[in-house]
Amino acid sequence: MTAQSVMVDPGREAPPSQVVVLAPDRLDELGVIELLRQGEEFSLMPARRARHADLLVAVAGAASELLFQQVQQLELRPGTPVVLFLDQIEGVRLPAGINPSNCTVAPRGRLTQDRFAATLRSATSAGRGVPTAGPEYPADFDQREVAVLTLVAQGFENAEIARRLNYSERTIKYVLAGLMTRHSLRNRAHAVAQAIRTGLI
């Protein structure tokens, strides 16, 4: 983990929320740092000062034991909100050391600045976290559908998507078929293109 300064407009009335970034992959870390730099609400804080952070943002492929160990090693203040952006969001089980009421689990997908900021804003509202849940989606999409589309966009076939999300392959086919019918989509490529165009992934 590395820390870099994020410029903040000194004329702002409220100071930005201090964010610690945890990402096993260096490219993921740099991507989150860039998203933080694009706004003024949040500022990057070094991991060594995590006890003073307002928020922890972790980015990974899946919720692993190693990831949770790294979160706990930061020794955050009790009640500090934690946001986990993961590729695999279904069936996430938080360890005893992480309070579900302070933790938000959201699909990583193709994070836009607006969705990233909205998720962090929600997690830090009133100084408290929110129950484990993804960001809000249009009424005709749910968290599972977005998770499936995200993996389709990454080139995975149904069997691998089922394995990663802990579903049967038949369930994945059912989810995709429902999307195709409901949105008059021709094929997987059309579904991915539509999801990207509307900002779902």
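Computed from a predicted structure; not experimentally measured. Only heavy atoms go into these numbers, but all of them, side chains included; no hydrogens, no water, no symmetry mates.
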Q) When you look at Phe85 and Thr119, which way does the side chain to side chain contact (heavy atoms under 4.5 Å, CB included) test go after all the steps? A) CA-CA 10 Å; Phe85 287 107; Thr119 303; 3.9 Å; yes
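- Looking only at distances, a side-chain donor or acceptor of Asp54 sits under 3.5 Å from a matching main-chain atom of Gln18.
- A donor-acceptor contact shorter than 3.5 Å is absent between the side chain of Ser122 and the backbone of Ala118.
- Chaining together hydrophobic side chains whose heavy atoms lie under 4.5 Å apart places Leu185 alongside Met180.
- For Glu160, the salt bridge (Lys or Arg N to Asp or Glu O under 4.0 Å) partners two or more places apart in sequence, or in a different chain, are Arg163, Arg164.
- From His52, atom NE2 reaches atom CE of Met45 across 7.0 Å, with rounding to the nearest 0.5 Å.
- For the pair Val57 and Leu55, the minimum side-chain heavy-atom distance is below 4.5 Å.
- The shortest side-chain heavy-atom distance between Tyr167 and Ile161 does not fall under the 4.5 Å cut-off.
- The side chain to side chain donor-acceptor pair (under 3.5 Å) test applied to Arg49 returns no partner, not counting sequence neighbours.
- Residue Arg186 qualifies as open at atom CZ: its count of foreign heavy atoms under 6.0 Å is 12 or below.
- Counting heavy atoms from C-beta outward, Cys103 and Leu84 have side chains that approach closer than 4.5 Å.
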Q: Go through Leu36 and Leu120 one step at a time and tell me if the side chain to side chain contact (heavy atoms under 4.5 Å, CB included) criterion holds.
A: CA-CA 10 Å; Leu36 287 171; Leu120 269 57; 4.1 Å; yes
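- Here the CG atom belonging to Leu66 is positioned 11.0 Å from the CZ atom belonging to Phe68, to the nearest 0.5 angstrom.
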Q: Please lay out, stage by stage, how Leu176 and Asn158 fare under the test side chain to side chain contact (heavy atoms under 4.5 Å, CB included).
A: CA-CA 9 Å; Leu176 287 171; Asn158 290 353; 3.5 Å; yes
